[in-house]
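Atoms within each ligand, like the ligands themselves, are counted from 1 in listed order. Note that the structure is a prediction, hence the values are computed from the model and not measured.
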Amino acid sequence: MEIHSNIPLKNFTTMKLGGNARFMTEVRTPEEVVEAYHSAKAQSLPVFVLGGGSNVIAKDEGFNGLIIHMRIPGFSVIADDLNSTTIQIGAGEDWDSVVKRTVDMRLSGIEAMSAIPGTAGAAPVQNIGAYGQEIADTLESLVAYDTQTDSFVTLLNENCEFSYRQSIFRSSQVGRYIIVSITLKLSKNLPQPPFYEALQAYFDQRDVHIFTVDTVRNAVIDIRANKLPDPKLLPNAGSFFKNAIIEDWQIADLKNANPDMPTYDMGDGRFKIPAGWLIEQTGLKGKVLHGMRVNDKNALVLINESATGYQDLAAARDEIISAVRDKFKIQLEQEPLEV
Ligand code: EPU
């Protein structure tokens with residue numbers, strides 16, 4: 001295991017800003033994870049696990065510890081029955097390559113999450129989701145190194161406490177587990193309409209009535225390409241804010257004041273309000289704040305055009321949060337993690 005020092009985090013995060021990490025190492029096996037973790041602890045250094053860096057923002061002061069760059073490969077069928085196939089995937093695999101392979105195998109369950117940047121191991125951390133699917137729907141279990149007990153553990157879906165863009169890995173147990181593989185149970189049945197609104201509209205416009213995992217994947221890739229900036233060309237971290245979650249007692253007043261406001265019933269007495277819509281109403285869509293552009297196709301995404309560092313991003317973020325709070329009394333939350 002090679003440990004490198006003084007690594008610019010801007011080269012490892014798709015937002016392309018922030019300072020340097022003191023140390024970084026690539027891990028390709030679960031054993032290397034343990035080795036890396038032990039070596040950091042021997043020097044009393046904190047550890048941060050980095051996948052594709054597409055949902056991580058680096059601070060200007062950098063990271064005074066060891067970045068474990070997750071590169072563990074793996075894709076193996078571990079069970080198969082009449083209706084489903086179960087696949088174990090290494091945490092370092094590129095998420096979209098995994099989706100492509102499962103689609104090529106005619107398996108359904110993650111095809112609507114096509115073209116999401118990042119790694120398989122990062123997917124459960126924020127419970128990635130798009131176009132009506134989230135990883136919590138198909139994740140059977142995962143294997144993680146438990147830094148508290150110094151052993152590998154299998155966590156079942158219910159142990160991860162998934163909810164909208166949330167899990168124990170970014171709430172109650174931050175830093176405790178290092179995910180080394182995930183196990184997905186995918187269906188052999190064809191995807192069924194009705195689909196998520198934007199996807200269904202795409203099919204309706206094109207008169208598509210026969211749905212395969214391929215048609216769903218291709219549609220999602222097309223929709224995303226038109227709406228979401230490619231991080232390879234325009235530095236960004238996908239949705240920069242979580243959609244707002246509102247309790248039912250607040251919704252009537254908001255709806256009265258804003259009859260056009262889109263709302264999604266979460267079925268548990270709460271409603272989701274698209275943060276992109278809220279930001280658009282403040283007039284900030286398409287504007288540049290401190291070198292960060294509020295994407296003109298989807299106000300939820302911030303593009304780093306000329307920010308000089310994290311400070312600029314934080315200033316832009318805080319202005320957007322204040323503008324939404326002033327207009328709607330709704331507090332937006334940042335979606336990407338910070339190192
Ligand atoms: N909207 C606006 N203005 C905007 C953006 C959106 O009015 O600037 C409205 C849309 O018209 C629509 C609603 O907001 O009525 C929802 O928009 P959309 O379906 O595009 O989804 P989103 O809420 O913007 C979420 C996820 C995306 C995911 C899409 C599709 C979050 C934080 N974001 O975005 O995930 O791809 O749904 O399912 O939940 C990501 O997490 O990085 C990400 C891109």
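Here Leu300 has side-chain heavy atoms under 4.0 Å from ligand 1, and that is the only part of it that gets that close. Here Ala198 has no heavy atoms under 4.0 Å from ligand 1, in either its backbone or its side chain. With a 4.0 Å heavy-atom cut-off, ligand 1 is reached by the side chain of Tyr164 but not by its N, CA, C or O.
Atoms of ligand 1 lying under 4.0 Å from any heavy atom of Glu280, numbered from 1 in the order shown and given with element: 2 (C), 3 (N), 4 (C), 7 (O), 8 (O). For ligand 1, the atoms closer than 4.0 angstrom to any heavy atom of Pro274 are 13 (C), 14 (O), 16 (C). For ligand 1 and Lys285, the ligand atoms under 4.0 Å from any heavy atom of the residue are 3 (N), 4 (C), 8 (O). Distances below 4.0 Å separate heavy atoms of Phe241 from the following atoms of ligand 1: 32 (C). Atoms of ligand 1 lying under 4.0 Å from at least one heavy atom of Gly238, given by number and element, are 42 (O).
Annotation: atom 38 (O) of ligand 1 to nearest protein heavy atom, Tyr131 N, 2.6 Å. The closest protein non-hydrogen atom to atom 1 (N) of ligand 1 is Trp277 N, 3.8 Å. Regarding atom 12 (C) of ligand 1, its nearest protein heavy-atom neighbour is Tyr264 OH, 3.9 Å. Scanning the protein for heavy atoms near atom 5 (C) of ligand 1, the closest one is Asn298 OD1, 3.1 Å. For atom 25 (C) of ligand 1, the closest heavy atom belonging to the protein is Asn243 ND2, 4.1 Å. Nearest protein heavy-atom contact of atom 43 (C) of ligand 1 is Ser239 OG, 3.0 Å.
Taking a 4.0 Å cut-off on heavy atoms, Lys227 registers as neighbouring ligand 1. Residue contacts with ligand 1 leave out Phe240, since none of its heavy atoms falls under 4.0 Å from the ligand. Contact annotation: Arg224 has at least one heavy atom less than 4.0 Å from an atom of ligand 1. Within the structure, ligand 1 lacks Glu197 among the residues with a heavy atom less than 4.0 angstrom away.
Ring geometry for Tyr177 versus Phe169: interplanar angle over 60°, hence perpendicular rather than tilted (30 to 60°).
Using a 4.0 Å threshold on non-hydrogen atoms, atom 30 (C) of ligand 1 counts as touching the protein. Closer than 4.0 Å to atom 19 (O) of ligand 1 lies at least one heavy atom of the protein.
Side-chain atoms of Ile67 and Phe12, non-hydrogen and from C-beta on, never get closer than 4.5 Å to each other.
A salt bridge links Asp104 with Lys100: the closest approach of a Lys/Arg side-chain nitrogen to an acidic carboxylate oxygen falls below 4.0 angstrom.
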Requested in this report: For the pair Asn243 and Leu300, evaluate side chain to side chain contact (heavy atoms under 4.5 Å, CB included) and give the outcome as yes or no after the intermediate values.
Outcome: CA-CA 9 Å; Asn243 285 327; Leu300 202 49; 4.0 Å; yes
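Shown here is Lys59, whose NZ atom has more than 12 heavy atoms of other residues, nucleotides or ligands within 6.0 Å. With a 6.0 Å radius and a threshold of 12 heavy atoms from other residues, nucleotides or ligands, Glu197 has its CD atom at or below the threshold.
For Arg165, a nitrogen or oxygen atom sits less than 3.5 Å from a nitrogen or oxygen atom of ligand 1, counting backbone and side chain alike. For Ala299, a nitrogen or oxygen atom sits less than 3.5 Å from a nitrogen or oxygen atom of ligand 1, counting backbone and side chain alike.
Rounded to the nearest 0.5 Å, atoms CD1 (Ile110) and CG (Leu184) are 5.5 Å apart.
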